Amino acid sequence: MAAGSLSEKEGEPSTLPVSSHGGSTKGDTIHKPDPLSLEKADTQVVSPKKSLDDDPYKHLPEREAKILKEQVFTPDVKVGIATLYRYATHNDLLIIFVSAICAIAAGAALPLMTVIFGNLQGTFQNYFAGITTYDDFTDELARLVLYFVYLAIGEFVTMYITTVGFIYSGEHISGKIREHYLESCMRQNIGFFDKLGAGEVTTRITADTNLIQEGISEKVGLTLQALATFIAAFVIGFVSFWKLTLILLSTVVALTLVMGGGSQFIIKFSKQNIAAYAEGGSVADEVISSVRNAIAFGTQDRLARRYDAHLTRAEHFGFRLKGSIGVMVAGMMTVLYLNYGLAFWQGSRFLLSGDTELRKILTVMMSVMIGAFNLGNIAPNLQAFVTALGAAAKIYNTIDRESPIDSSSEEGAKLENVVGTIRLENIKHIYPSRPDVVVMEDVSLVIPAGKTTALVGASGSGKSTIVGLVERFYKPIEGKVYLDDVDISTLNVRWLRQQIALVSQEPTLFACTIYDNIRHGLIGTKWESESEEQQRERIYEAARKANAHDFIISLPEGYETNVGERGFLLSGGQKQRIAIARAIVSDPKILLLDEATSALDTKSEGVVQAALEVAAEGRTTITIAHRLSTIKDAHNIVVMAQGRIVEQGTHAELLAKRGAYYKLVTAQAIAAVNEMTAEEEAALDQAEEAALIRKATRNSQKEGGAAGYVEDPEDNIAEKLDRSKSQQSVSSVAIAARKKEEPKEYGLWTLIKLIASFNKKEWHMMLVGIFFSAICGAGNPTQAVFFAKLISSLSRPIVNEEIRASIKSDASFWCLMYLMLALVQCLAFSVQGWLFAKCSERLIHRVRDMAFRSFLRQDVEFFDRDENSAGALTSFLSTETTHVAGLSGVTLGTIIMVLTTLIAACTVALALGWKLALVCIATIPILLGCGFYRFWMIAHYQRRAKSAYAGSASYASEAITAMRTVASLTREQDVLQHYKDSLAKQQHASLISVLKSSLLFAASNSLMFLAFALGFWYGGTLIAKHEYDMFTFFIVFSSVIFGAQSAGSVFSFAPDMGKATEAARDLKELFDRKPTVDTWSDEGDSIKQVDGTIEFRDVHFRYPTRPEQPVLRGLNLSIQPGQYVALVGASGCGKSTTIALLERFYDPLSGGIFIDGREISSLNVNEYRSFIALVSQEPTLYQGTVRDNIILGANSDVTDEQIKFACQEANIYDFIMSLPDGMNTLVGSKGALLSGGQKQRIAIARALIRDPKILLLDEATSALDSESEHVVQAALDKAAKGRTTIAVAHRLSTIQKADIIYVFDQGRIVEQGTHSELMKKNGRYAELVNLQSLEKH
């Protein structure tokens, strides 16, 4: 399908009729809940998302919109060349100036060589003609040869200076840009990051600054050099002999046409190739990001076929792209040989008419060649400069942004004496990143000094917002926040934040020692400059208060333990206590506790809670708590709901009111009875550990002892830690599991065999390609013969007419031979280019297909790992697979070409003049090396620039990700200083490495002159003794020296072999990886039918990626056929895990899951899954039509009747029929053209089309708004009839009718029964119901 028609299709839905049901809109169904309205609800067609230019703040009043805009607005900076060099110091500019002059000198040196070359030939000719004597000849020879040596030295020095100079100044300037960028980020308000995301900031500080660095480093020198060569070459040409130079200008035109025309095609096909692959890539991304769905429905094969269809198109364009490159290279070679022919033919005419001499013809011909080919070097380097300008624009936008809440400014008052009373007055707040949600509406609240105020309420009720406003992370839209009756927006931001300490839910510690982490709390306070002893005393004191001192000193390194790398040795509770110590070390007036204990388990919670109570004494404290038992003693309890204050008072007063708070407390109190005590939990853990370790050792015996969890030497410390001893092995289990799979070592031969196996079918193409490669390689030595023949015949002295005629006919004959050679080479290069293009595209296609299928074969555990995110795997498919081509036929062709050139050249040379040949052959390794290293070093500089800054970039991104913590600790200057130091270190290290590596680069550019000098000097001495004539000398010299040179430059066309071996190794590892739950295997008992009795027997489970976190702890469940079972509980209690285990995404650690009395791990996994259908929280639709998406669920072919029935059951049939294209409507990428409710109903239809015995609903309605929820809920109720249904629900109203409700807590079932039974119990379930009713107030 052409790209044009696709975009039209996607644009269409906006013009569709709103609905077939008399135009019901989304609004009017909410008010009339009559049963019919369900039919009509959620039938609007969603128009494609508006473009990003729409103002998201349109709906707000002018004043409010202005406040929000200034928190996220970023100016657009126009970037010119001057802006790029904005941060260059005088030294930098001086270095750039000197380097530029050297670059120009280095460039001009190349064509100067042609003058010497021509003069040497003239000297030879004069000697043979008897014009010069033996002594004069040797003097002249020595003089000219020395010129070559001087050129070599000059080239070496100038190249060295220009490379080092440009790289150094480029690094220095981009380092400055990095510093200013991070500094600017540290100043920005938090709203700016909500909009951008830390990821984007990290990308800019790494990728974009790398692009800038590439654009202003060695590329500038290379561009200047190429330009200088081009200009110098033509100046020399015109000075030597202008007529011939003017005629040969046609070469430049021809080359420009070939390269220009070629690159037009290359750009065109490249765009089409990228576009075709991008569609494939987005299919891959859709599939991998929702891989659970593909696994659950067993659609791996069908999705892989769909991906393959896009690959076929990409292959088609990729073939044209690589073919065009081949033809362009062929064109360039043709022009090269035609240029020789034209120069000698036209030159011979001038020579015979006495206008010029042969040496000048040689000079002109060679300098034009050199000049013309250097023109091609300018474009790609200029491209880098343009890219750098683009990247700089994004970065300077941030650097020049004025932050509305600037923590680095000195403005604003600082109070002499802080009491600590906080008052909120008529606050209305909207987050700038979510302009359509009002988070707080008209809130007024007094928080008295030195007292504890607690905020409670459902999530999203605006509790945390109060913390953000007091810290001045955001500006409220209306109203003011006062500290001691002073409006905080008039106070200095940094000073204000130094009076406040914040402990948040997820403690963020920085990658340094525990001691330094606590010391961060002292930044900016009066203790910052105290002596080391006094600071240490304060820090120990704070740690004691936070109940952390004891466990810290029991660690092997005590306070010097590094948190970063071994962070997982610290449990959540320990990290939290360090964070509390950090908060109270500066003795702040105000302490903000944002759910500081909610992420902890029961054991740690008690300890941390005690620490907090000590910390809060005598300070103004604001606590936000989920567990009400933790705030009983607060001086004032504020109950919030939907951004307003519902009631406030002390614990006793609120209980007396019997309002919202009372309901919450009673429910939680009863639930607490059913909770495990810390001791019970410890006992349970211990049993589980034992099981875990048994299982681990069992596995390790199976696999030859490799995977067993090794006893960890750190264990005995863990015992000293104040966590219970049972946890000792958890950390060791955790550590053992964290070891990544060891990368296997494969030999090069294995990898080549692997890659060759993908091209098996094309072997005959390969053979033909290799044959033509050999012909391409033979071009150079053949040309050397023509060259020598022409020179020897043109250098004969013209004595009479006979000689004149013979010279003329000779010249014509050999020039026509050049024409023939040009045509043959054109054919050979084109054919091998096309053939290898075909092979390598086939290869990439097959590798991509195979890699994608191998991804889909893996089990869910594989996708849980951080390194296997959808983004990483998708980019592996798009980039790594293309690198593999570096080990395929193309490389083989290149190698054959180089070998043919060298072998033929040496053979010819040795046959005709073995003495000189041997001397010249000695220089081949040097010349080859020069050609190779010239390209390799340029690539090396780019790689080095990227990797050098990875360390500091990860530091910067750590700081930016934890921006709130950095801001609340006022650590901005500290972070910057750190970053500057690490940049300076890296710049120093990289300067040393550049000083070394540039020696190689400069040498590779200058050694060629020395090889020329050697050849001419030895050849000259042989000629002087009359051992060789002119023909012998030139054929030997030019075949070997030019042959080696051209062989060296072929490397530039060869794909990168280093990358190829890496990629091949990754692929081999992927293809060899066998997942535990393998969908490709036929093992397991066959299963023909299922009744639907499900049983969990004492199931223990932890996620393989987080083995230290128990999820299910002895789950027992039994479900009868046809029952509707609901699983409820707080988040993280194991409900969704139960669903995942039923789908057999994972196997439990111990215990078993039985269906109809058979353990599911013994059954064939594909057959087993075919009886189950899953509807998950986020419905997954793929690009394609509605019909395509629905039939993906089917196990076999389905009739239209069945599809219609499934759609009616899912309440979506009428809606689909109302679309103009009906079932063939395109849903857009990830279903973007449908609303959430419509997607979810299509997903239900997809689940129903397989007529499953067991239906799993994982929070199927939680992501929808209330109106779509009703429609989808109705569809689900219909679908559940007559099947075993297991539903996980957050909204309890949706499961009131369930046959049995299981209430989960910490991986076990604490209550079970019907809705009314559980409400009577008034336990955990009742508490959840009350919590949710509070949300609705």
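These numbers were taken from a predicted model, which means no experiment stands behind them. Both backbone and side-chain heavy atoms feed into the values below; hydrogens, waters and symmetry mates do not.
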Identify the two heavy atoms, one from [X] and one from [Y], that lie closest to each other, and give their separation to 0.1 Å.
| X | Y | value |
| --- | --- | --- |
| V1128 | A1289 | CG1-O, 4.0 Å |
| E1159 | G1152 | OE2-CA, 3.9 Å |
| A1247 | L1255 | CB-CD1, 4.3 Å |
| I295 | F1145 | CG2-CE2, 3.7 Å |
| S554 | F551 | OG-O, 2.8 Å |
| D1147 | L1141 | C-CD2, 4.3 Å |

Tell me, please, whether F1154 has R1097 positioned over its six-membered ring: NZ or CZ under 6.0 Å from the ring centre and within 45 degrees of its axis?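 Positive - R1097 is close enough to the ring of F1154 and near enough to its axis.
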Does NZ or CZ of R1246 come closer than 6.0 Å to the centre of the six-membered ring of F297, within 45° of the ring's axis?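 Yes, a cation-pi geometry holds between R1246 and F297.
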Measure from the side-chain N and O atoms of [X] to the backbone N and O of [Y], and report whether any donor-acceptor pair falls under 3.5 Å.
| X | Y | result |
| --- | --- | --- |
| T1180 | N293 | no |
| R1283 | P1252 | yes |
| R292 | A1140 | no |
| Q1240 | S1176 | yes |
| T1285 | K1281 | no |
| D859 | P1075 | no |
| E1167 | I1087 | yes |
| E647 | A660 | yes |
| K1135 | G1129 | yes |
| R577 | N547 | yes |

Nearest-0.5 Å distance that lies between atom [atom1] in [X] and atom [atom2] in [Y]:
| X | Y | atom1 | atom2 | answer |
| --- | --- | --- | --- | --- |
| L1117 | I1309 | CG | CD1 | 3.5 Å |
| Y1325 | T1314 | OH | OG1 | 9.0 Å |
| N868 | F862 | CG | CZ | 4.0 Å |
| F1171 | D1091 | CZ | CG | 10.5 Å |
| E1143 | I1160 | CD | CD1 | 9.0 Å |
| T1284 | I1254 | OG1 | CD1 | 5.5 Å |

Picking from L1174, L1257, D1258, L1256, what satisfies side chain to side chain contact (heavy atoms under 4.5 Å, CB included) with I1286?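 So, applying the side chain to side chain contact (heavy atoms under 4.5 Å, CB included) to I1286 and each of L1174, L1257, D1258, L1256, only L1256 qualifies.
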Any heavy-atom pair between the side chains of [Y] and [X] that's under 4.5 Å?
| X | Y | value |
| --- | --- | --- |
| F1096 | L1142 | yes |
| L1115 | F1304 | yes |
| V1125 | D1299 | no |
| K657 | V639 | no |

side-chain hydrogen bond (donor to acceptor under 3.5 Å, both in side chains) for T1137 and Y1146? Distances and angles first, verdict last. CA-CA 9 Å; T1137 309; Y1146 309 96; over 6 Å; no
Which side-chain N or O atoms in residues 631-638 pair as donor and acceptor under 3.5 Å with protein atoms at least two apart or in another chain?
| from | atom 1 | to | atom 2 | distance (Å) |
| --- | --- | --- | --- | --- |
| H635 | ND1 | T452 | N | 2.7 |
| N636 | OD1 | G649 | N | 3.2 |
| N636 | ND2 | Q648 | OE1 | 3.0 |

I would like to know whether I1155 and L1163 meet side chain to side chain contact (heavy atoms under 4.5 Å, CB included); could you show each step before the answer? CA-CA 10 Å; I1155 184 160; L1163 305 172; 3.9 Å; yes
Dump the intermediate steps for side chain to side chain contact (heavy atoms under 4.5 Å, CB included) on H1315 and I1301, then the final yes or no. CA-CA 7 Å; H1315 173 73; I1301 298 173; 4.1 Å; yes
For I622 and L455, what are the C-alpha separation, side-chain angles and deciding distance, and is it a side chain to side chain contact (heavy atoms under 4.5 Å, CB included)? CA-CA 7 Å; I622 304 179; L455 307 175; 3.9 Å; yes
Excluding sequence neighbours, so at least two apart, what forms side-chain hydrogen bond (donor to acceptor under 3.5 Å, both in side chains) with T465?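 side-chain hydrogen bond (donor to acceptor under 3.5 Å, both in side chains) check on T465 returns Y431.
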Would you please name every residue forming a side-chain hydrogen bond (donor to acceptor under 3.5 Å, both in side chains) with E613, sequence neighbours left out?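 Per chain and number, E613 pairs via side-chain hydrogen bond (donor to acceptor under 3.5 Å, both in side chains) with Q609.
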With side chain to side chain contact (heavy atoms under 4.5 Å, CB included) as the criterion, how do V1090 and D1156 come out once you've worked through the C-alpha distance, each side chain's angles and the decisive distance to 0.1 Å? CA-CA 7 Å; V1090 166; D1156 299 345; 3.9 Å; yes
